[in-house]
Amino acid sequence: MKNCQLTGVKPVFGNNVSHSHRRTRRRWNPNIQQRRYRLPSEDRFVRLTLSARAIRTVDKIGVEAAVARIRARGERI
């Protein structure tokens, strides 16, 4: 499934509405990317599945703090 490990963003669902106002279901997927980061405290690399916004957050707060937040959400890395 397309989930962000840091922010938890998931696909959202709604309707396509045509000109005649007929509705069909659709989904909006988040912009999910896989990035590989070096984790100096554990002397290894981690592969994270992140949204584009979360990648900017990791750049800002650092990979150690980001991994701490992911683990606080209860996810295993």
Side-chain angles (χ1 to χ4, degrees):
M1 194 165 172
K2 293 183 175 254
N3 290 7
C4 175
Q5 289 180 301
L6 182 60
T7 61
V9 68
K10 297 177 182 177
V12 291
F13 296 87
N15 289 315
N16 269 334
V17 182
S18 70
H19 181 68
S20 64
H21 219 63
R22 290 178 61 115
R23 291 158 187 242
T24 54
R25 296 301 283 179
R26 64 159 292 182
R27 69 191 259 169
W28 286 269
N29 290 323
N31 185 5
I32 298 292
Q33 312 289 327
Q34 280 203 337
R35 293 291 292 269
R36 189 170 162 253
Y37 291 99
R38 173 129 171 74
L39 201 56
S41 64
E42 298 179 18
D43 195 31
R44 69 184 183 114
F45 285 92
V46 291
R47 188 175 297 277
L48 301 178
T49 304
L50 302 171
S51 64
R53 176 180 221 119
I55 290 171
R56 294 179 62 203
T57 302
V58 171
D59 290 344
K60 184 175 180 180
I61 67 173
V63 67
E64 296 285 346
V67 167
R69 283 189 192 180
I70 292 170
R71 288 182 173 149
R73 289 183 67 233
E75 200 159 332
R76 204 175 138 265
I77 296 179

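Throughout, numbering of the chain's residues begins at 1 and tracks the sequence. No experiment lies behind these values; they were computed from the predicted model shown.
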Nearest-0.5 Å distance, OG of residue S51 to NZ of residue K2: 12.5 Å
Audit row: T49, N3, side-chain contact (heavy atoms from CB on, under 4.5 Å) steps and yes/no: CA-CA 7 Å; T49 304; N3 290 7; over 6 Å; no
Criterion side-chain contact (heavy atoms from CB on, under 4.5 Å) on V58 and L6, from CA distance to verdict: CA-CA 9 Å; V58 171; L6 182 60; 4.0 Å; yes
From Y37 atom OH to I55 atom CD1, the distance as rounded to the nearest 0.5 Å: 5.0 Å
From CA spacing to verdict: side-chain contact (heavy atoms from CB on, under 4.5 Å), L39, V67: CA-CA 9 Å; L39 201 56; V67 167; 3.8 Å; yes
Separation of R38 CZ from E64 CD (nearest 0.5 Å): 10.0 Å
Path from I70 to I61 over hydrophobic side-chain contacts below 4.5 Å: no
Any side-chain heavy-atom pair of I32 and L50 under 4.5 Å: no
Basic-acidic side-chain contact under 4.0 Å: R71, E42: yes
Test item: side-chain donor near acceptor, Q33 and N31, under 3.5 Å: yes
Spacing of CZ belonging to R25 relative to CZ belonging to F13, to within rounding of 0.5 Å: 8.0 Å
R23 side-chain N/O to N16 backbone N/O, donor-acceptor pair under 3.5 Å: no
Distance, nearest 0.5 Å, that separates CZ of R22 from CG of N15: 12.5 Å
Note, P30 side chain near K10 side chain (heavy atom, < 4.5 Å): no
R53 CZ: over 12 foreign heavy atoms closer than 6.0 Å: no
CD on Q34 to CZ on R47, rounded to 0.5 Å: 5.5 Å
Stepwise side-chain contact (heavy atoms from CB on, under 4.5 Å) test for L48 and R36: CA-CA 6 Å; L48 301 178; R36 189 170 162 253; over 6 Å; no
